Amino acid sequence: MTRVDGVNRPTRSQQWYAGTDRNAYIHRAWMRRGLPADAFDGRPHIAIANTASDLTPCNVHLDEVARAVKDGVFAAGGVPLNLPVVSLGETQVKPTAMLWRNLAAMAAEEMLRANPIDGVVLLGGCDKTIPSLLMAAASVDLPAVVVPGGPMLTGHFRGTALGCGTDVWRLSEEVRAGTLSEEAFLESESATYRSRGHCNTMGTASTMACVTEALGMTIPGVAGIPAPDSRLLERAHASGRLAVDLVHADRRPSAVLTRGSFHNAIVALAAIGGSTNAVVHLLAIAGRLGVELSLDDFDAIGADVPLLVDLQPAGRHLMDDFHRAGGLLAALREVRDLLDPAAITVTGRPLVDHLDAAEVWDREVIRARGEPLRAAAGIAVLRGNLAPDGAVVKPAAASPHLLRHTGPAVVFDSIEDLHARLDDEDLAVDENSVLVLRGCGPRGYPGMPEVGNMPLPAKLLARGVRDMVRISDARMSGTAYGTVVLHVAPEAAVGGALALVRDGDLIEIDVPGRRLNLLVPAGELARREPAPAARAAYAAPARGWERLYVQHVMQADKGADLDFLVGSSGDRVARESH
């Protein structure tokens, strides 16, 4: 039994296990493989949604974390149940992990609803695993708490700290520029990834762990604990205990994930210099709850928030430095006045109540509010005839001199076209050009891959150029950097103006003015047709998940979720199985 509003009510799992009929017998008997009879007396059954996989290297340690969660559930009088769910390895799967985020969310949602469980602990690390689990938890709305897997420890190469992802982009460009040998580049490979855990930069994995804490869906203080740190297992144990308490309190994601909690997540995203990918994930999570959240909210709430965390790719340090310096709560204490004071966490207390004891121990890593790394660092939303439904850029990772720029377009009709022609000596390109890549949005690729941070032409790298304006309907890795305009909506494949750009067209980007325009007369644009080469490269799957995805995926400004998954369905199961 669980007590809700002073009334004892049967737990959800008792709908399966209570009674003497044939169905109850079947449900209990098949679980009596080590569980005692009193496991079915009404105590909470807690699923551990586990994304551990050898093919998701960042999550490979989550089985150990799951064991700590299991011990915590037992200690609190619950019954823990391991539930492997779809795992997405950002670095491994092709064409992009984002193609399967919605599938992973849908599969997890259905398994949480279909099984005799009362609550869930969500274990994720790599980029798409936490977003997909949050989308699932929001849709089924069972009591839930997240345990992020944590970042890896800092690796060093030739005496220099390496940020995974960020330094891959940097070093690979130096090889192409001829300033670093291939041998040295490959030698750095084994030094970059020193331990278990996800990327140690403020990439998407670290961002989503921090944003999830700001949303209120973790025990406060857990985001950013390095994966090998024993304190992660301690917090995992505490999360298992908390999951049982959440069931008794009937505290569900819908009570935690309010408009105010998304406000706090956007503030946190700006203060930490987080990944642009958080935008599509937060929009998708909000959509599952019916919370009103738009692309413009990221600009309105986050644009003037100072960048306080000096972390790659926007700064210098790495995630174990951030944790040592005080972590997310210490950073949020600096901007406490910008947070929604009423938004609660899974503890039942407001997020702001957990900031009182937070201290900054290293002001080189976490800056004071009055001495930020950048005064206004939030993700900027650009609009204009090239992106009427919006595009995003991360000023904290861009070159200041390129935030206002007009230059001629150099257009690539697909990622294959880019790879084939980028280093052609005859390519008409210079440092003033604007590189345009199309056909890489949710439908066109399909899946909206992380290819927006296009490499620069080799002949410009050799001349010392290290940044250019780049525009696409794709995403980029949260570990990446540069003046990169992303998530152009609508994408080229659904008729967006990106499909009409031609080589030599002037493009204006004005980040302070929030403008992104193709400087071509409207009449001329109306006469143009999409390039045949671009149309030929758009995805046209004949079967399976890809076909379903292309038919139903929404645009980036809507979170790139599937249209039929918007809104919560709850935890009710109507019919028996036998």
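Since the model is a prediction, treat every value here as computed from it, not as a measurement.
Counting only residues at least two apart or in different chains, salt bridge (Lys or Arg N to Asp or Glu O under 4.0 Å) contacts with residues 146-163 comprise R158-E187. The side chain to side chain donor-acceptor pair (under 3.5 Å) pairs that include a residue from residues 142-154 are T154-D320, where partners are two or more places apart or lie in different chains. The salt bridge (Lys or Arg N to Asp or Glu O under 4.0 Å) pairs that include a residue from residues 205-215 number zero, where partners must be two or more places apart or lie in different chains. Judged as a salt bridge (Lys or Arg N to Asp or Glu O under 4.0 Å), the pairs with a partner in residues 259-286 (not counting sequence neighbours) are, in order, R259-D297. For residues 327-341, every residue pair satisfying the side chain to side chain donor-acceptor pair (under 3.5 Å) rule, not counting sequence neighbours, is listed here: E334-R363, R336-D356, D337-R369. Applying the side chain to side chain donor-acceptor pair (under 3.5 Å) test to pairs two or more places apart or on separate chains, those with a residue in residues 392-404 are S399-D467, R404-D510.
In this view, D304 and A376 satisfy the side-chain contact (heavy atoms from CB on, under 4.5 Å) rule, not counting sequence neighbours. For the side-chain contact (heavy atoms from CB on, under 4.5 Å) test, residues two or more places apart in sequence or in another chain that qualify with R67 are D63, E64. Scanning for side-chain contact (heavy atoms from CB on, under 4.5 Å) contacts around A238 gives I219, with sequence neighbours left out. Among residues two or more places apart in sequence or in another chain, the ring pair (Phe, Tyr, Trp, His ring centres under 6.0 Å) test is passed with H281 by none. With sequence neighbours excluded, the residues satisfying side-chain contact (heavy atoms from CB on, under 4.5 Å) with A191 are F157, L162.
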Enumerate, atom names and distances included, each donor-acceptor pair closer than 3.5 Å involving a side-chain atom of residues 72-89, sequence neighbours excluded.
{"residue": "S87", "atom": "OG", "partner": "T51", "partner atom": "O", "Å": "2.6"}
{"residue": "S87", "atom": "OG", "partner": "T56", "partner atom": "OG1", "Å": "2.8"}

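Expressed to the nearest 0.5 Å, how far CE of M217 lies from OG of S261 amounts to 9.0 Å.
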